[in-house]
Asker: 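Okay, here's the structure, questions in a sec.
All heavy atoms count here, side chains included; hydrogens, waters and symmetry mates do not. Predicted, not measured: the structure shown is a model, and the values here were computed from it.
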Amino acid sequence: MRKLTIIFHKAEDLGFYASSYNALLLKIFKYVPVIYLKGSNMFGQQKEIECELFGTYNKNLDRFFSLIKFTFVIFGIYILTLSNLYSNLNIHAFDNVPIISTYSLLACLLFISIALIIPFSQLVLPKERKFKQLESSIQFREEDELKIHNKKLYLVVQQQDHYYISSFLLILLSLIFFCGYFIQFAICVSIPVFIITILYSLTFSEWIKRENKSIKIVQSNEG
């Protein structure tokens with residue numbers, strides 16, 4: 001009975017010391033959990049941003065693939081229309097066509113070819129990945145590296161949107177010039193569309209240069 005009482009008191013003493021020790025640790029490190037949560041929250045936000053950007057990035061790749069299919073459909077409509085208009089579709093079929101109609105048709109084919117090349121070039125480029133490949137391992141990006149990569153990925157997504165809109169404007173120009181082959185007055189409509197396309201491309205090019213320059217400055221400061 002006496003042995004049980006001694007064991008009981010020892011257990012109580014251990015519990016008291018353990019609770020006192022825990023209380024002391026909480027007093028000493030009471031600010032540590034707050035700082036940890038802040039860093040974890042910032043890292044979690046960057047990971048969420050990364051997931052959102054990659055979701056948009058993959059959707060844009062699907063849009064480019066759909067745009068390529070749409071461009072082939074438009075090109076097929078051109079071929080069918082000209083085939084129905086000229087039973088023997090060859091180079092001599094355009095001998096009696098006015099020169100302005102010929103140039104309009106050439107411009108139509110030029111613009112739709114460029115509109116096809118742009119999305120195709122985006123699909124064949126190396127894809128962005130969530131991880132980085134080192135010499136001996138594959139790792140996820142963390143902290144400042146993740147933040148810089150998110151900025152780069154954001155610019156890539158913006159470039160995708162720019163290329164998509166540019167391709168759409170080029171397809172529109174192609175359609176206008178194709179109509180200009182039959183109705184010369186339709187060529188006048190292409191002038192404002194062409195000016196809008198040029199101004200949009202120049203404005204975006206200047207913006208993307210500034211953003212890339214800012215990223216290089218950040219990387220040099222980090223280095």
Asker: In chain order, what residues pass the ring pair (Phe, Tyr, Trp, His ring centres under 6.0 Å) check against Y163, with sequence neighbours excluded?
Answerer: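 Partners of Y163 by the ring pair (Phe, Tyr, Trp, His ring centres under 6.0 Å) criterion come out as none, since no residue qualifies.
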
Asker: Does F70 CZ have over 12 foreign heavy atoms under 6.0 Å away?
Answerer: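 No, not enclosed.
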
Asker: Would a single hydrophobic cluster contain both I100 and F194, if residues Ile, Leu, Val, Met, Phe, Trp and Tyr are joined by side-chain heavy-atom contacts under 4.5 Å?
Answerer: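 F194 and I100: one cluster.
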
Asker: Compare every heavy atom of F182 with every heavy atom of T81, then report the nearest pair and how far apart it is.
Answerer: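 Scanning both residues, the minimum pair turns out to be CG2-CZ, 4.0 Å.
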
Asker: Give me the atom names and distance for the closest heavy-atom approach of L153 to E50.
Answerer: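 That closest heavy-atom pairing would be CD2-O, 4.4 Å.
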
Asker: Please list, one pair per line, the donor and acceptor atoms closer than 3.5 Å that link side chains of residues 103-116 to other protein atoms, with sequence neighbours excluded.
Answerer:
| from | atom 1 | to | atom 2 | distance (Å) |
| --- | --- | --- | --- | --- |
| S104 | OG | F177 | O | 2.4 |
| S104 | OG | Y181 | N | 3.4 |
| S113 | OG | L109 | O | 2.7 |

Asker: Answer whether the closest heavy-atom distance between the side chains of L172 and T197 falls below 4.5 Å.
Answerer: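 When only atoms from C-beta onward are counted, T197 and L172 do not touch, as no gap falls below 4.5 Å.
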
Asker: In this structure, would F178 and L80 fall into the same cluster of hydrophobic residues linked by side-chain contacts under 4.5 Å?
Answerer: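 Cluster IDs for F178 and L80 differ.
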
Asker: Distance-only, no hydrogens or angles: does the N150 side chain make a donor-acceptor pair with backbone N or O of Q46 under 3.5 Å?
Answerer: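 Yes; at least one donor-acceptor contact below 3.5 Å.
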
Asker: Which value, rounded to the nearest 0.5 Å, describes the distance between Q159 atom CD and S166 atom OG?
Answerer: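 Reported value, rounded in 0.5 Å steps: 11.0 Å.
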
Asker: Report yes if some heavy atom in the side chain of Q160 is under 4.5 Å from a heavy atom in the side chain of F64; otherwise report no.
Answerer: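 Q160 reaches F64 side chain to side chain.
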
Asker: As an exercise, state the distance from CD1 of I183 to CD1 of I176, rounded to the nearest 0.5 Å.
Answerer: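 The CD1 atom of I176 is 12.5 Å from CD1 of I183, to the nearest 0.5 Å.
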
Asker: In Å, rounded to the nearest 0.5 Å, how long is the span from CG of N60 to CG of L123?
Answerer: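 Nearest 0.5 Å value for the CG-CG distance: 11.0 Å.
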
Asker: In the structure I gave you, are the side-chain heavy atoms of T71 and F120 within less than 4.5 Å of one another anywhere?
Answerer: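 Contact flag for T71/F120 side chains = no.
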
Asker: What donor-acceptor contacts under 3.5 angstrom involve side-chain atoms of residues 72-79, with partners at least two apart or in another chain?
Answerer:
| from | atom 1 | to | atom 2 | distance (Å) |
| --- | --- | --- | --- | --- |
| Y78 | OH | S174 | O | 3.4 |
| Y78 | OH | S174 | OG | 2.9 |
| Y78 | OH | L175 | N | 3.3 |

Asker: Taking only residues two or more places apart in sequence, or in another chain, which ones meet N58 in a side chain to side chain contact (heavy atoms under 4.5 Å, CB included)?
Answerer: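 By the side chain to side chain contact (heavy atoms under 4.5 Å, CB included) rule, N58 matches L61.
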
Asker: Output the distance between atom OG (S167) and atom NE2 (H162), rounded to the nearest 0.5 Å.
Answerer: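 Spacing of OG (S167) from NE2 (H162) equals 9.0 Å.
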
Asker: Looking only at heavy atoms, what is the nearest atom pair of G180 and S101, with distance?
Answerer: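 Heavy atoms of G180 and S101 come nearest at O-OG, 4.4 Å.
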
Asker: Got a second to check how far K151's NZ is from L146's CG, nearest 0.5 Å?
Answerer: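 The CG atom of L146 is 14.5 Å from NZ of K151, to the nearest 0.5 Å.
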
Asker: Hey, mind stepping through I68 and Q122 against side-chain contact (heavy atoms from CB on, under 4.5 Å) and telling me if it holds?
Answerer: CA-CA 11 Å; I68 290 175; Q122 293 299 304; over 6 Å; no

Asker: Would you say F65 and I117 are hydrophobically clustered, going by side-chain heavy atoms of ILVMFWY under 4.5 Å?
Answerer: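 Hydrophobic grouping puts F65 apart from I117.
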
Asker: On a heavy-atom basis, which atom in L53 and which in V157 lie closest, and how many Å separate them?
Answerer: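 Reported closest heavy-atom pair: O-CG2, 3.9 Å.
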
Asker: Quick one: list whatever passes ring pair (Phe, Tyr, Trp, His ring centres under 6.0 Å) with H149, sequence neighbours left out.
Answerer: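 Checked H149 against ring pair (Phe, Tyr, Trp, His ring centres under 6.0 Å); zero matches.
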
Asker: Hey, could you give me each pair passing salt bridge (Lys or Arg N to Asp or Glu O under 4.0 Å) that has a residue in residues 174-183? Not counting sequence neighbours.
Answerer: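 Checked against salt bridge (Lys or Arg N to Asp or Glu O under 4.0 Å) - neighbours excluded - no pair reaches residues 174-183.
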
Asker: Report whether V193 and I198 are members of the same hydrophobic cluster (ILVMFWY, side-chain heavy atoms less than 4.5 Å apart, transitive linking).
Answerer: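 Same cluster: V193 reaches I198 through Ile, Leu, Val, Met, Phe, Trp or Tyr contacts under 4.5 Å.
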
